[in-house]
Amino acid sequence: MKQLLRFAWIEAQCCLFAVLFFAGLALVRVVPLPVNAADALLIWSLGVTLVLWLVRWETGREVAVIFGFHLVGLALELYKVQQGSWSYPDIGWATVGGVPLYSGFMYAAVGSYVCQAWRRFDLRITNFRARSTAAVAALIYLNFFTHHVTWDVRVPLALALLAVTWRTWVHFTVGERRYAMPLALSFVLIGFFLWIAENAATLLRAWQYPDQESVWTLVHVAKFGSWALLVVVSIVLVAGVKAYEGRLYGTVEDRTVTRGGRQGRPVPAAEEPITVR
């Protein structure tokens with residue numbers, strides 16, 4: 001039970017950006033404001049990002065990663081809104097193509113969580129097939145666009161993801177103990193909690209699906225699978241940064257990627273499993 005409470009406390013710290021975003025979303029609904037709720041939420045989100053950086057809750061690199069997530073999410077939002085997948089009830093001045101700019105911070109919150117978890121849990125991914133997993137992640141992201149004009153191949157992509165992450169494990173620390181779980185399982189767990197967060201966000205009218213325009217209803221459970229797949233993109237982006245942190249920002253000795261061999265023997269580069277810390 002103590003370990004479970006420690007785990008929950010670390011998770012809560014990792015979710016601080018998301019919690020503050022939801023706090024702002026609730027505040028703009030109940031507090032009279034001189035500006036549109038969408039613009040107020042954008043100002044709030046920018047302020048939260050700045051404060052977390054100033055108090056060193058987020059590092060400069062993590063803020064850069066969060067900004068990258070903002071752009072990735074905003075591109076998806078622009079396309080989905082144009083396709084009528086969902087809409088935003090509040091449109092302020094800071095809006096592009098019917099999408100308020102605060103929407104990117106919802107994806108940034110996911111990026112912040114992944115970065116914080118990587119640092120606070122001392123994450124390490126073993127047997128990570130970087131290129132194969134990145135290729136599947138790119139196809140998953142592309143499918144969110146192309147399934148409107150061609151076939152939806154998320155099920156084959158999910159199977160491909162299981163194949164490339166087979167025997168890939170996430171190791172994490174809680175207190176003084178080290179644990180591990182399959183990487184694919186972490187996608188499912190994070191996706192489930194994102195689906196719960198999505199229900200809370202639509203209830204607060206951050207955005208709405210067509211069947212929620214007249215009265216709020218539970219988000220379809222199929223979105224759970226969509227979030228689980230989208231998490232893959234998040235993990236791959238952060239893993240890419242972590243894999244090259246030493247090369248980009250430090251010395252060779254500081255690199256966070258170690259090359260492993262089998263039973264102490266070196267493995268040829270083409271077969272080499274990568275361990276990402």
Are [X] and [Y] close enough that a side-chain donor and a side-chain acceptor fall under 3.5 Å?
X    : Y    : answer
R177 : Q3   : no
E77  : Y107 : yes
E58  : S112 : yes
D152 : N143 : yes

Considering all heavy atoms of both residues, which atom of [X] and which atom of [Y] are nearest to each other, and what is their separation?
X    : Y    : answer
A137 : V233 : O-CG2, 3.7 Å
C115 : V65  : SG-CG1, 3.7 Å
P210 : G84  : CG-O, 3.7 Å
F21  : S45  : CD1-OG, 3.6 Å
I91  : G98  : CD1-O, 3.4 Å
R29  : A37  : NH1-CB, 4.0 Å

Does any non-hydrogen side-chain atom of [Y] lie less than 4.5 Å from one of [X]?
X    : Y    : value
R154 : L229 : yes
W227 : I190 : no
R178 : T173 : yes
V28  : W44  : no
V232 : Y141 : no
V51  : W57  : no
W207 : S87  : no
I125 : T168 : yes

Are [X] and [Y] connected, step by step, through hydrophobic side chains (Ile, Leu, Val, Met, Phe, Trp, Tyr) whose heavy atoms are closer than 4.5 Å?
X    : Y    : value
I140 : V188 : yes
F224 : L189 : yes
L27  : F17  : yes

To the nearest 0.5 angstrom, please state how far the [atom1] atom of [X] sits from the [atom2] atom of [Y].
X    : Y    : atom1 : atom2 : answer
L204 : L25  : CG    : CG    : 4.5 Å
C15  : Y113 : SG    : OH    : 6.0 Å
Q82  : H148 : CD    : NE2   : 11.5 Å
F121 : E11  : CZ    : CD    : 4.0 Å
S103 : L78  : OG    : CG    : 7.0 Å
D211 : L218 : CG    : CG    : 10.0 Å

| field | R205 to W86 six-membered ring, cation-pi geometry met (6.0 Å, 45°) | value |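 Judged by the rule, R205 and W86 form no cation-pi pair.
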
Quick one: does [X]'s side chain have a donor or acceptor within less than 3.5 Å of a partner on [Y]'s backbone?
X    : Y    : answer
T150 : T146 : no
K223 : E198 : no
D39  : A94  : yes
Y102 : A206 : yes
T95  : G92  : yes
D122 : W118 : no
Q212 : Y209 : yes
S85  : V81  : no
R120 : I10  : no

| Does NE2 in H220 sit with more than 12 non-hydrogen atoms of other residues, nucleotides or ligands closer than 6.0 Å? |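 Open: at most 12 neighbouring heavy atoms sit under 6.0 Å from NE2 of H220.
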
| task | Check the surroundings of atom CZ in F193: do more than 12 heavy atoms from other residues, nucleotides or ligands lie under 6.0 Å from it? | result |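 Incorrect, the count does not exceed 12.
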
| field | Check against side-chain contact (heavy atoms from CB on, under 4.5 Å), T59 and W53 | value | CA-CA 6 Å; T59 67; W53 175 66; over 6 Å; no

| request: Before giving the answer on side-chain contact (heavy atoms from CB on, under 4.5 Å), spell out for I235 and F187 the whole-Å C-alpha distance, their side-chain angles and the decisive distance to 0.1 Å. | output: CA-CA 9 Å; I235 297 293; F187 296 150; 3.5 Å; yes

| task | Show your reasoning for whether side-chain contact (heavy atoms from CB on, under 4.5 Å) applies to L46 and F105. | result | CA-CA 9 Å; L46 289 171; F105 282 99; 3.5 Å; yes

| query | Can we say R119 and E62 salt-bridge, meaning some charged N sits less than 4.0 Å from an Asp/Glu carboxylate O? | reply |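 Yes, this pair counts.
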
| message | Using ring centroids (six-membered ring only for Trp), state whether Y79 and F145 fall under 6.0 Å. | response |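 F145 vs Y79: aromatic centres under 6.0 Å.
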
| Ring-ring centroid check H171 Y179, cutoff 6.0 Å |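 Centroid separation for H171 and Y179: 6.0 Å or greater.
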
| query | Going through the distances and angles, do L74 and V99 end up as a side-chain contact (heavy atoms from CB on, under 4.5 Å)? | reply | CA-CA 8 Å; L74 191 59; V99 179; 3.9 Å; yes

